[in-house]
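Basis for what follows: all heavy atoms, side chains included, without hydrogens, waters or symmetry-related copies. For clarity, every value in this text was computed on a predicted model and none was experimentally measured. When a residue number appears, it is its place in the shown sequence, counting from 1.
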Amino acid sequence: MEAREPVYKNFKTAWRSFYKSFLLMLLIIVLAVCAVKFIPYVKENQFISKLILLVAAVIDVIIFLTVIVKRSTMALILRDNPSKPEDQEIAYIVSHPLKPFSSDFHESIEISLANIIHIKVRQTMMQTLLKVGDIVITSAGTGNEEIQAENIPNPQAVRDEIQVHVKYYALSK
């Protein structure tokens with residue numbers, strides 16, 4: 001067999017999958033500007049106008065920070081190091097920042113590449129348009145869908161890449 005280089009890839013949620021949050025941010029700003037420009041009482045009162053714009057900006061910042069936190073709390077990691085059997089796996093790591101004292105604050109699922117029996121991509125119509133999708137991985141250990149990584153960019157390419165590494169271990173059995 002040929003010598004292979006170790007592969008470590010980290011797949012994160014796509015920025016474009018947060019389109020609802022970004023549209024909400026835009027809507028809040030548009031409504032605030034419209035209120036300041038077109039409502040007579042607000043238009044005349046400088047304090048109220050500034051307050052409305054400030055509240056809209058604060059809400060938008062909170063929404064944006066929420067998007068950043070959500071994106072940073074999930075990772076689908078492909079580890080394939082032929083020289084280390086313990087590093088031949090797919091791992092799904094999720095943190096729940098709103099549950100800091102809960103036992104499920106940090107969840108991690110690892111499946112050996114040799115035990116993966118099925119990888120599929122699920123996409124809604126909007127995910128298809130945005131070129132994102134959910135990667136669902138089934139293992140031989142349970143036969144259940146153990147990993148469901150949501151909103152991964154270019155999910156077919158990610159699935160194909162994982163399958164290349166899975167097939168190597170299926171052939172070596």
Please walk me through it: do L113 and L78 pass side-chain contact (heavy atoms from CB on, under 4.5 Å)?
CA-CA 9 Å; L113 292 175; L78 170 64; 3.9 Å; yes

Report yes if some heavy atom in the side chain of D134 is under 4.5 Å from a heavy atom in the side chain of V121; otherwise report no.
no

Between the main-chain N or O of A114 and the side-chain N or O of S112, is there a donor-acceptor pair closer than 3.5 Å?
yes

Considering only heavy atoms from C-beta outward, does the side chain of S49 approach that of K43 to under 4.5 Å?
no

Write down the atom of D80, the atom of P82, and the distance for their closest heavy-atom approach.
O-CD, 3.5 Å

State, yes or no, whether a side-chain contact exists between V67 and F22 at a heavy-atom distance under 4.5 Å.
yes

Is a donor from one side chain sitting under 3.5 angstrom from an acceptor on the other, for H165 and Q88?
no

Establish whether V42 and L53 are linked, either directly or via other cluster members, by ILVMFWY side-chain heavy-atom contacts under 4.5 Å.
yes

What one should report as the nearest heavy-atom pair of S95 and P97 is O-CD, 3.4 Å

Could you please spell out the steps behind the side-chain hydrogen bond (donor to acceptor under 3.5 Å, both in side chains) verdict for N81 and Y8?
CA-CA 8 Å; N81 187 346; Y8 293 94; 3.2 Å; yes

Quick one: CD1 on I52 to SG on C34, what's the gap to the nearest 0.5 Å?
11.5 Å

Minimal non-hydrogen separation, I135 against P155, with atom names
CD1-O, 3.4 Å

Nearest-0.5 Å distance, CD1 of residue I152 to CD of residue Q127:
10.5 Å

If you group Ile, Leu, Val, Met, Phe, Trp and Tyr by side-chain heavy-atom gaps below 4.5 Å, do L129 and Y19 land in one group?
yes

For R159 versus I119, what's the shortest heavy-atom pair and its separation?
CG-CG2, 3.4 Å

Report the distance from atom OG of S83 to atom CD of E5, rounding to the nearest 0.5 Å.
9.5 Å

Okay, side chain of K131, backbone of P153: is any donor-acceptor separation there less than 3.5 Å?
no

Could you check I111 against S139 for side-chain contact (heavy atoms from CB on, under 4.5 Å), going step by step and ending with a plain yes or no?
CA-CA 7 Å; I111 301 174; S139 79; 3.6 Å; yes

Any donor-acceptor pair under 3.5 Å from N144 side chain to E146 backbone:
no

For the backbone of L130 and the side chain of R16, can you confirm whether one donor and one acceptor N or O come within less than 3.5 Å of each other?
yes

Taken to the nearest 0.5 Å, the spacing of I68 CD1 from F64 CZ works out to 4.0 Å

Within a strict 4.5 Å, meaning less than it, do heavy atoms of the T66 and K70 side chains meet?
yes

Report whether L23 and V132 are members of the same hydrophobic cluster (ILVMFWY, side-chain heavy atoms less than 4.5 Å apart, transitive linking).
yes

Would you indicate whether the side-chain heavy atoms of I162 and V158 approach each other to under 4.5 Å?
yes

Shared hydrophobic cluster for L24 and V55 (ILVMFWY, side-chain gaps under 4.5 Å):
yes

Any side-chain donor near an acceptor of the partner, Q156 and E161, under 3.5 Å
no

Using 4.0 Å as the upper bound for N to carboxylate O, is an ion pair formed by R122 and E145?
yes

dist N115:CG -> I137:CD1 (nearest 0.5 Å) comes out at 12.0 Å

Over all heavy atoms of both residues, which pair between A140 and I117 is shortest? Give the atoms and the distance, please.
CB-CG2, 3.7 Å

Membership question, hydrophobic clusters at under 4.5 Å side-chain separation (ILVMFWY): are F11 and V164 in the same one?
no

Taking side chain as C-beta onward, heavy atoms only, is L26 less than 4.5 Å from V30?
yes

Below 4.5 Å, heavy atoms only, C-beta onward: do R71 and K12 meet side chain to side chain?
yes

I want to check something: taking the side chain as every heavy atom from C-beta on, are I147 and I90 in contact at a cut-off of under 4.5 Å?
yes

Could you please spell out the steps behind the side-chain contact (heavy atoms from CB on, under 4.5 Å) verdict for I93 and H106?
CA-CA 7 Å; I93 301 167; H106 186 79; 3.3 Å; yes

Going through the distances and angles, do E107 and Y92 end up as a side-chain contact (heavy atoms from CB on, under 4.5 Å)?
CA-CA 8 Å; E107 294 178 79; Y92 181 61; over 6 Å; no

Value for CZ (F105) from OG1 (T73), rounded to nearest 0.5 Å, stands at 9.0 Å

